[in-house]
Amino acid sequence: MVTAAPKISVQDLRLAFGAKEVLHGISFDIGRNEIFGVIGPAQSGKTSLLRCINRTIDFSPDATMTGTVLVDGEDVRKTRNVYGLRRKIGMVAPLPVGLPLTIYENVAFAPRCVGVSAKSELDGLVEKCLTQAALWDEVKDRLDSLGTKLSGGQQQRLTIARALSHQPEVLCLDEFSIAIDPVTTMRIEDVLKELRKDITIILVTNLVQQARRLADRAMFLWNGDIVELDRNEVIFSEQPASRKTYEYVHGIFG
Amino acid sequence: MFTETPFVRVKLRRQAVAKWVFFAMAASMIVPLLLIIAHLVERALPSLSLEFLLAAPARGMKEGGIWPALVGTIHLVVISLAVAAPIGVLAAVYLNEYAKDNWFNRLINLAVINLAGVPSIVHALFGLGAFVYAAQFGYSIISASLTLAIMTMPVIIASTREALASVPRSFREACWNVGATRWQTIRAIVLPNSISGILTGIILQVSRTAGETAPIMFTGAVFFKAVKAGDLFPYGLGDQCMALSMHLYTLSTQVPGVKESIPYATAVVLLGAVLLVNTAAIALRVWLRNRKKW
Ligand SMILES: Nc1ncnc2c1ncn2[C@@H]1O[C@H](COP(=O)(O)OP(=O)(O)O)[C@@H](O)[C@H]1O
Ligand SMILES: [Mg+2]
């Protein structure tokens, strides 16, 4: 649950692409070991928000970010080690991306980038992450086949395994289920419930029910503003603070 | 259920006709190539032999073989590509993977595009001024090779960039997300998956380098140089050398009374080498494409 020192603290975050502002000064905290749901329609700035947190926003040259994002109290914009920051935050993108490497190397890639090269250590890590991502049983006999040749749902779990391979303290999932079937989605949701014992999870989703099932708290982001942020029981109740939230959550959004 | 209305039938017929017209146009490209080859080979036949490849020209170039020119061309190609390929590839990696969209990098881009369009005679004059005189390399293999390198580099940059750009950005983003640096991403993902395109682009420059006359004429190629038959390294870097393209030009325009089949045989060797290298490039591309990983 939410404790005194938040895992992530966002204060007055503004983000613009060129002249177009897409996040209009938002502030919120994410507690340790909570599943923090972010809901909202397309284009509301959910993906951009995640990219600010792990600073991959740097790869959009026309993006300007102001305000502060603190991860464990450290300002991400002032950190001297942006690669360390990105390793602290596992990121799962909406579309599954298997790297054009073997399944094994897909997972071993991040550890190798920080100099882990002992085979026994890598083997253990690969097995652990693939197991956590509920993929191990399906691929354990063909770890040296290409990650790109897996099915969409398998690649999405491979992506999750890769995001876990650098042992992050925060796992961000950005609409992870849009490209995969409901059964796989349910399996991954079980995985997330397991993972939240150890790490903090930010669950961005446009499936309202998914946030309702999994999250402790949910934030409704709309057009770059926070409409409402509260415990799930409130957000998904019959009486959230905002009428807009009620309409969105109940699918009567106009 | 799927009855063809007259309108549909007309459309289908039109589609069939269009397809044949396009096919005929494409197929007609083969005709000139075959005619050129047939014409050249027919006239060259009396002179074509292994002896012709390995012997030096004799009797004031009216007879004999082409060895000094052949080995000179190989020198020029190898040295110029040894310079142009690494610089070109590294420059392309910078432009495609690192460069921000600012005025300076746009200027570099513009320079590359324009350099690629500069006629070879202009490169020749530049090489003369820069390498022969300013750098004081004199008329030499090194001056000629550097001139050729300047000529091929922008094209290598362009083809390399195209190869790099064919690797989807989503792969790069996936790497950045797990904390990989740009260089780690390039080494693990981008280069291994674009190497076929990069190599093909470089190999295609072999034939261009071998075929050009102007850039070497002013900077290091000579009409004639005495070389022992079959000697693999007859030239030093500072020497002038003979070259196939130049030799062909000389035989056709400067030497009266040459046996007719000799310039044709020279042309066949040049063309054969070009076709061989280009075929190798295509084969390499096909082979690597079959191993494509996504
Ligand atoms: N790289 C970019 N360059 C310019 N505009 C962008 C870029 N990425 C996102 N945007 C814009 O930012 C807004 C928010 O997008 P996004 O964060 O992807 O929303 P969501 O993930 O909620 O669908 C959109 O209007 C989108 O067009
Ligand atoms: Mg999004």
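Naming convention: chains lettered A, B, ... in sequence-line order (proteins, then strands); numbering from 1 in each chain.
Open room surrounds CD1 on B:I30; 12 or fewer heavy atoms of other groups in view lie less than 6.0 Å from it.
Across A:L101 and B:A188, no two heavy atoms sit closer than the pair CD2-O, 4.0 Å.
Residues meeting the ring-ring contact (aromatic ring centres under 6.0 Å, His included) test with A:F176, sequence neighbours left out: none. Under the side-chain contact (heavy atoms from CB on, under 4.5 Å) criterion, A:D75 pairs with A:T68, A:L70, A:R77, A:K78, sequence neighbours left out. The salt bridge (charged side-chain N to carboxylate O under 4.0 Å, His left out) check on A:K128 picks up nothing, with sequence neighbours excluded.
The contact between A:F59 and chain B is made by backbone and side chain atoms together, counting heavy-atom distances below 4.5 Å.
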Distance-only donor-acceptor screen, chain A against chain B, under 3.5 angstrom:
residue	atom	partner	partner atom	Å
A:N54	ND2	B:N177	OD1	3.2
A:F59	O	B:R169	NH2	3.4
A:C113	O	B:Q184	NE2	2.8
A:T148	OG1	B:K293	O	2.3

